[in-house]
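Beneath this line is the structure, given in structure tokens, with notes to follow.
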Amino acid sequence: MNLVGSITLKGIAASPGIAIGRAYLLDRRRVAPPKRHITPHEVEAEVARFDEAVRESERQLREVKLKLGAAGTEHIQILEAHELMLHDPMLVDGARQMVRDQLINAEWALKKTTKSVRELFSHIQDEYFRERRADVDYVADRVLRNLMGTSQTAVTEIGPGSVLIAHDLSPSDTALLQQTPVLGLALDVGGMTSHTAIVARNHKLPAVIGLEHVSDVIGSGDIVIVDGSAGLVLVNPALEDLQRYQQQALRYSVGRAQLDAHAREPATTLDGVQVRVAGNIELHDETGLVLDSGAEGIGLYRTEFLYMNRDALPDEDEQYRHYREVVERCGPLGATLRTLDIGGDKLVSHVKLPKEANPAMGLRALRLCLRESGLFRPQLRALLRASVHGELRIMVPFVSGLAEVRAVKRLLAECHAELLAEGVALPRLPALGIMVELPSAAAIADILAREVDFFAIGTNDLIQYALAIDRANEHVGYLYHPLHPALLRMLQFILRSGAEAGIRVSMCGEMAGDPFYTAILLGLGLREFSMNAVSVPVVKQVIRSLDVSACEALLAEAMTLPDASDIEHLVSERLGPMLGTRISREVFDPMSHRP
Ligand code: PEP
Ligand code: MG
């Protein structure tokens, strides 16, 4: 136990809720290998000891794979990549050779070989190899611990009632997290859109990330409170804090349980306006979870996640299977599948991208797909084939103008004709829509609305590009204001253009899932929302508690105000009385929730 006094750490509120428990420190930090020279006659025994550690590592990885079962092919692929690495000549033969040539013990040889393999990767300066470097470390650490008899702790060993503390979680740790009884999570690293944050939210696990030093400060056994709503971690709290949080946690879980009980009921406002609340997913196997949270179909499937954390591109058939499964599970509720949105901050290892000074504005997403038809065509074909099995809608990201939309339509028609010629029965072309997430697309929404079947507003990027604030840059985070008058004007124009053209307009950026903005969005005329699993029941209840005419009046007043902070102030003042007692303040309090 780490005998730190009572302290509070502030990080990023990645997933709401309160977890109170004993810390379980998952120590992924490197172990220090013993270093010693050996005599020539010790060489064979040392190599045999090394081989045994490699075999043991393989056995452990197989066991993790078995435990993982049907939890997702993506994660199995990561483990298989680790297994392959255990046979990598550079790493394994390299270490053996070093024992023989330099007469050093196996731990030391492995450490040296790992270092040179990592260096090789870092010289290449490619995102893909940066990712592989972490895999090399992970595998080498496992072998090293087996050599030293200090086995690597597995997430699956964590007992009930624990709060998981770690520097970072590997993709395989994150995958296994779903099967452990952990109550909450606190990490040194990570951002709102990191895979761990997404998994935590979708699994309703309170989480605070980006804490920087939490794994240094907390030791296994410490009492920890993770307040995932406020982004706070309390270590060995004072008795009064503990009691206060125990009561708060109880009230929160009662409030959540009430909401969850109504999650599947429709989101109809007090004055009878029907609103659709769909879910966002990153991986096909999250579909069930999101639907169970009350989502009415999938409003955004970020298909690029299928391309990540693996060694080769998914082929047309694999994509078809994933897309078909999502669309079949959604049934008549339907699913909107977004085509590849890679580049910028989203790296996909095996797609070679040019090194760019400004990747956020570079060759990414649709631009890349239109240039690399070898990448795009298999996806369009897979989507068309899957569309036979249900209500599938195709959506393209990062549209900046009309020519791009027309190019997509041409390509889609070509793929359609190709499949028909191959004898695939495709009775109709699925609906085609675009993400409105660039200011240029927002400004010509009236023109684009005549060309497509639906719009989905991507506020994450729209805010980034309209206000010129890098999504991932903490130094300009203070400028992130979804209620900025410039943005409200854009949203109003997009929604009006959609209505005039008679097409559906939804919103799938983070703004849609934050209950603080629901009233303003209803006032603007938004009737389709899409968000992460944990937000669905909350936003649905907020919608049920509001009256559209009151939301329109609130918006009209907001539009007269000159600055984002004035509008935020107005919303936080008015929302409480508008909601009345229809939603528990433990789950959502507009006064304390103010951005
Ligand atoms: C957005 O930009 O708002 C969006 C939903 O897409 P992503 O977050 O994947 O860029
Ligand atoms: Mg986007």
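Start at 1 and go down the list; that is how both ligands and their atoms are numbered. Quantities reported herein were computed from a predicted structural model and do not represent experimental measurements. Residue indices begin at 1 and follow the sequence shown.
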Taking the minimum heavy-atom distance to atom 4 (C) of ligand 1, which of Met435, Met531, Glu304 ranks first? Met435
Looking at ligand 1, does Gln464 have a heavy atom less than 4.0 Å from it?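 No, Gln464 has no heavy atoms under 4.0 Å from ligand 1.
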Looking only at heavy atoms of Met511, does any of them come nearer than 4.0 Å to an atom of ligand 1?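 Met511: no contact with ligand 1 (<4.0 Å).
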Would [X] and [Y] count as having a side-chain donor-acceptor pair, cut-off 3.5 Å?
| X | Y | answer |
| --- | --- | --- |
| Tyr307 | Gln319 | yes |
| Gln541 | His262 | no |
| Thr459 | Glu510 | no |

Among Arg385, Arg324, Arg381, the one residue meeting salt bridge (Lys or Arg N to Asp or Glu O under 4.0 Å) with Asp317: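 Result: among Arg385, Arg324, Arg381, Arg385 is the only option passing the salt bridge (Lys or Arg N to Asp or Glu O under 4.0 Å) with Asp317.
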Nearest to the Mg ion (ligand 2), which N, O or S atom of Glu437 do we find? OE1
Considering only N, O or S atoms of Asp461, the one closest to the Mg ion (ligand 2): OD2
Could you list which atoms of ligand 1 come closer than 4.0 Å to a heavy atom of Cys508? 5 (C)
Glu437 heavy atoms, cut-off 4.0 Å: which ligand 1 atoms fall inside?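 Listed by number with element, the hits are 1 (C), 2 (O).
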Say you draw a straight line from CD1 of Ile434 to CZ of Phe454; how long is it, rounded to the nearest 0.5 Å? 9.5 Å
Atom pair CD1 (Ile281) and CG (Leu337), whose distance is rounded to the nearest 0.5 Å: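 Answer for the CD1-CG pair, Ile281 versus Leu337, is 7.0 Å.
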With backbone taken as N, CA, C and O and side chain as the heavy atoms from C-beta onward, which portion of Arg338 lies under 4.0 Å from ligand 1: side chain, backbone, both, or neither? side chain
Establish, for the pair Arg364 and Phe398, whether the NZ or CZ atom is under 6.0 angstrom from the six-membered ring centre and no further than 45 degrees off its axis. yes
Under 3.5 Å between any N/O of Thr459 and any N/O of ligand 1: does that happen in this structure?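 Yes: some nitrogen or oxygen of Thr459 is under 3.5 Å from one in ligand 1.
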Counting only nitrogen or oxygen atoms and a 3.5 angstrom limit, does Glu510 reach ligand 1? no
